[in-house]
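Notes to accompany the following structure.
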Amino acid sequence: MLKKLTLLAGLTFLAACTTVPITGRRQLSLVSDSEINSLASTQYRTVIAKGPLSSNSQQVAMVRTVGQRIQGAVETYFRQQNAADQLAGYQWEFNVIQDDKQQNAWCMPGGKVAVYTGILPITQDENGLAVVMAHEVAHAVAKHGSERMSQGLVQQLGGQALSAALSTNAPATQELALQAFGVGSQLGLLRYGRNQETEADHLGLIFMALAGYNPDGAIAFWQRMDARESQASPPEFLSTHPSNGTRIADIQRELPEARKYYKPR
Ligand SMILES: [Zn+2]
C-alpha cells in the first residue's frame, strides 16, 4: 500500500512542476492557481475583517503607492516575458494592519498584501518599504505558497486525495494554507524555505528596481533589521534565515544585476 502511494505521488510530481520566473528553478506544484487564489482570497478577507486596519491615512497611502508601483513593475515584467497568464486571476489589494509589535508583512497568492505598522519604523521611507513589499510580492508571483502547500500536502496526506482535501474547508487544510502563505505560526511546518527566501530577495531587488526604487536601499534595510531591538516574534522574512550577514552578502552580489533594471522616478 505504502509503495503504491509513493509511486502515485511520484507520478504526480512528474506531471506537476512549474518554473520560477527569473531564476528558472523548477518547483513542485500540486495545487492549481485558481484553487490557491480562491483559498487565499477567503483567508485574506478573514484577516482583514479582524484587522484592526491602520487609520493613519498617510501610512496607508504610502503602502498603496509602493504596492501599486511594484504591481505595475511585475505586470510589465511578466508581459514582456510572455508570461502574463501567470498573473491571471490576480486581484491586488494592499492593506495596513495596526499592530506595532509585528515587524512583518506578507503577500498571499493572488496579490493580497498586508503590511503591519510595526515594520514601518524599520523601513523608514518609501524606498525601505519597497524592499519589504517587493520581497513579499516575489514570494507570491514565484508561487512559493503553492509550492509550500504542495510539499505540506504530500507530507501530511501522503499525496493522496489532494484535490479532495483542498476542496473541503477542513480546519487542517485552512491552517496549512495560512502557514504556506506566511501568515500562520512562524514555528509551523510550512515556513518559507531558505532557498525561497534567497529567491524572494533576488526577485524582490529586480522588482523594486523596475518599480523605480533604488535596490541599493536593501543593504541599509537589512542592516537596520539586524540592529532592531526586539527579536520576540520573528517576521516572515526572518523565519528561516539566511542569517542577516549571509543575506546581505547575497544581496551585494545580486545588486549589479538589479541596478540594470533601475530607472529612478
Ligand atoms: Zn520572505
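Numbers for residues simply follow the sequence, beginning at 1. Values reported hereafter were calculated over all heavy atoms of this structure, with side chains retained and with hydrogens, waters and symmetry mates removed. The shown structure was predicted, so the numbers you read here are calculated from the model rather than taken from an experiment. Atoms within a ligand are numbered from 1 in the order they appear, just like the ligands themselves.
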### Query
Going by an N to O cut-off under 4.0 Å, is there a salt bridge joining Glu93 and Arg45?
yes

### Query
Among all residues two or more places apart in sequence or in another chain, which pass the ring-ring contact (aromatic ring centres under 6.0 Å, His included) test with Tyr90?
Trp92

### Task
Look at His144 and state whether any of its N, O or S atoms is less than 2.8 Å from the Zn ion (ligand 1).
no

### Query
Looking from the Zn ion (ligand 1), what is the angle between NE2 on His135 and NE2 on His139, to the nearest 10°?
100°

### Query
Phe78 vs Phe207 aromatic rings, parallel, tilted or perpendicular, using cut-offs 30° and 60°?
tilted

### Query
the Zn ion (ligand 1) is nearest to which N, O or S atom of Glu197?
OE1

Could you pull out all donor-acceptor pairs under 3.5 Å where a side-chain atom in residues 253-265 meets a protein atom, sequence neighbours excluded?
unit_1, atom_1, unit_2, atom_2, d
Arg253, NH2, Asp250, OD1, 3.0
Glu257, OE1, His202, NE2, 2.8
Arg259, NE, Asp216, OD1, 2.9
Arg259, NE, Asp216, OD2, 3.4
Arg259, NH2, Asp216, OD2, 2.8
Arg265, NE, Ala211, O, 2.8
Arg265, NH2, Ala211, O, 3.0

